[in-house]
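First comes the structure, then the notes that go with it.
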Amino acid sequence: MGGCNFDEKQLRAALHAAADSCDPPAGLKHQIDAQLAWQAKKEDKFMRKMNMKKAAVAAVMACALTGTVCVAAVKMSGYSTSSSSALDESENFDDISKYEKKADVNACAQESFANGFEFAAVNLKENQDFDEQGNETESYKEVHISYEKDGKNISYLVKKGDRVYTETDLARLQPVESDGVTYYFVQDRYLFVPAGYEATEEEKAMQEEGKLFISEGAEEREENVMTHLSWNADGQSHSLFGSDLEMSADELIEMAKQMK
C-alpha cells in the first residue's frame, strides 16, 4: 500500500465528505466543525499537523470500512475518535433503555421538556482515546439523544464516569452552582469561511481574545454560536449542547434538572 501524503486541508475535507456520505443527523457537521476549530486553536502548528493527520485518517478509514459517522478530535495529550451509525438510530423513545444498557448508564431522559423541546432520536456513540504514539488509552460508550423544537436541535450526551475538568477547561467555562451540582456553561462563536478568506481587523482581534474561532473549508461564510452545558452527577458525566440555541445557562440548567 502506498504512503499517505494528504495535507491537513485535504484530510479535513475528506473527513467532512465521509461524514456527509453517511447521512449524519441534523447539526452534526456543525458540531464536527466547531470541535475541530476549537481544538485547532489550542494546538501549536506542529502538534496540530501531526495529530490532526492521525485522527482524520483514522476517522475516514473507519467511515469507509464500517459506514459510520465519525468525528476526529485532537487533544493536547493525543487524539480521540468517535462514531455512531445512522443505521442504529431509533426514533422510538422506549428504545432508550436498550442504549442505556449498552453504555451502562441511566440517562433519566425526558420525552419532552417544559420549554417545548421534544424527543427526536437516540443513538450510541463509540469513543476511543489515543496517546500521541497512537496507543489506545480508553474506550467508552455514550448515549446520544436528540431533541427538537421549532427547527432547533439540542443534543444530550451521557456516559459512565465523571468528566475531569482541566485548568484550560476551567479558564473558559462559567461555573454555576445549583442544588448541590456544579454546572459548566460556555458559548463559543464560530466563523466558517471559504479557503483564502481574509478576516477583518475586528475578527482578528476577537480571535486573539479567544472569543471567535475561524475555520476554513466552507462553501460560503457562515456564523454559528455553539452553546454547551456540562455537569457530573451520580457517577456519570452529562452535557447539553446545540448550535444557535439562543438559550442562557439558567434555561439549560432547568432542562438538566428535569432529568433526575
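Only heavy atoms go into these numbers, but all of them, side chains included; no hydrogens, no water, no symmetry mates. Since this is a predicted model, take the numbers as computed values, not measurements.
We find the CG-CG distance between Leu124 and Asp88 to be 8.0 Å, quoted to the nearest 0.5 Å. Atom-to-atom distance recorded for Tyr147:OH and Ile154:CD1 is 10.0 Å, nearest 0.5 angstrom. Remark: Ile214 CD1 to Leu212 CG distance equals 4.5 Å, nearest 0.5 Å. Distance CG/Leu173 to CG/Leu229: 10.0 Å, rounded to 0.5 Å. The CG atom of Asp188 lies 11.5 Å from the OG atom of Ser243; values are rounded to the nearest 0.5 Å. Here the CZ-CZ distance, from Phe192 to Phe213, works out to 11.0 Å after rounding to the nearest 0.5 Å.
In this structure, the side chain of Gln187 does not engage the main chain of His228 through any donor-acceptor pair within 3.5 Å. The backbone N or O of Glu251 lies less than 3.5 Å from no partner atom in the side chain of Glu254, so there is not a single donor-acceptor pair. In this structure, the side chain of Glu208 does not engage the main chain of Ala205 through any donor-acceptor pair within 3.5 Å. Looking only at distances, a side-chain donor or acceptor of Asn232 sits under 3.5 Å from a matching main-chain atom of Arg163. With hydrogens and angles ignored, the 3.5 Å screen pairs no side-chain donor or acceptor of Gln236 with any backbone N or O of Val105. Listed for the Tyr165 side chain is no donor-acceptor partner under 3.5 Å among the backbone atoms of Tyr184.
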Test log, rule salt bridge (Lys or Arg N to Asp or Glu O under 4.0 Å), inputs Lys159 and Glu126:
CA-CA 11 Å; Lys159 75 177 186 70; Glu126 301 275 358; over 6 Å; no

Assess the residue pair Glu223 and Tyr190 against the criterion (side chain to side chain contact (heavy atoms under 4.5 Å, CB included)); give the C-alpha distance rounded to whole Å, side-chain angles, the decisive distance to 0.1 Å, and a yes or no.
CA-CA 6 Å; Glu223 290 188 48; Tyr190 294 87; over 6 Å; no

List the steps, then state whether salt bridge (Lys or Arg N to Asp or Glu O under 4.0 Å) holds for Lys204 with Glu198.
CA-CA 9 Å; Lys204 291 177 182 178; Glu198 183 64 32; 3.1 Å; yes

Run the side chain to side chain donor-acceptor pair (under 3.5 Å) check on Ser237 and Asp162 step by step: do they pass?
CA-CA 5 Å; Ser237 61; Asp162 288 348; over 6 Å; no

So Ile253 and Val176, side chain to side chain contact (heavy atoms under 4.5 Å, CB included) or not? Walk me through it.
CA-CA 9 Å; Ile253 289 173; Val176 181; 3.6 Å; yes

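Side chain to side chain, Ser178 and Lys257 meet the donor-acceptor criterion of an N or O pair below 3.5 Å.
Heavy-atom minimum distance, Asp244 versus Lys152: O-NZ, 2.5 Å. Met247 and Thr227 make their closest contact through O-CG2, 4.0 Å (heavy atoms, listed as atom of the first residue, atom of the second, distance). Across all non-hydrogen atoms, the minimal contact from Asn224 to Glu222 is OD1-OE2, 3.6 Å. The two residues Ala107 and Met259 have their closest heavy-atom pair at O-CB, 4.4 Å.
At a threshold of 4.5 Å between non-hydrogen side-chain atoms, the residues Leu252 and Met255 count as touching. Counting heavy atoms from C-beta outward, Val122 and Val143 have side chains that approach closer than 4.5 Å.
The same ILVMFWY cluster, assembled from side-chain heavy atoms under 4.5 Å apart, contains both Phe93 and Val158. When hydrophobic clusters are built by joining Ile, Leu, Val, Met, Phe, Trp and Tyr residues whose side-chain heavy atoms come closer than 4.5 Å, directly or via intermediates, Met226 is not grouped with Leu245. Placement of Met206 and Tyr197 within a single hydrophobic cluster is found when ILVMFWY residues are connected by side-chain heavy-atom separations under 4.5 Å, directly or transitively. Residue Leu170 is grouped with residue Val186 when hydrophobic side chains (ILVMFWY) are merged at heavy-atom distances under 4.5 angstrom, including chains of intermediate members.
For the side-chain contact (heavy atoms from CB on, under 4.5 Å) test, residues two or more places apart in sequence or in another chain that qualify with Leu157 are Lys125, Glu142, His144, Ser239, Phe241. Listed by chain and number, the residues in a salt bridge (Lys or Arg N to Asp or Glu O under 4.0 Å) with Glu219 amount to none (sequence neighbours excluded). The salt bridge (Lys or Arg N to Asp or Glu O under 4.0 Å) search around Asp104 returns Lys160, not counting sequence neighbours. Partners of Ser139 by side-chain contact (heavy atoms from CB on, under 4.5 Å), not counting sequence neighbours, listed by chain and number: Gln128, Glu136. Tyr99 is linked by a ring-ring contact (aromatic ring centres under 6.0 Å, His included) to nothing, counting only residues two or more places apart in sequence or in another chain.
Lys141 NZ: 12 or fewer foreign heavy atoms inside a 6.0 Å radius. A 6.0 Å sphere centred on CD of Glu91 holds no more than 12 heavy atoms belonging to other residues, nucleotides or ligands.
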Let me have the donor-acceptor pairs involving side chains of residues 109-119, under 3.5 Å, with sequence neighbours excluded, atom names and distances please.
| residue | atom | partner | partner atom | Å |
| --- | --- | --- | --- | --- |
| Gln110 | NE2 | Gln258 | O | 3.0 |
| Asn115 | OD1 | Phe117 | N | 3.2 |

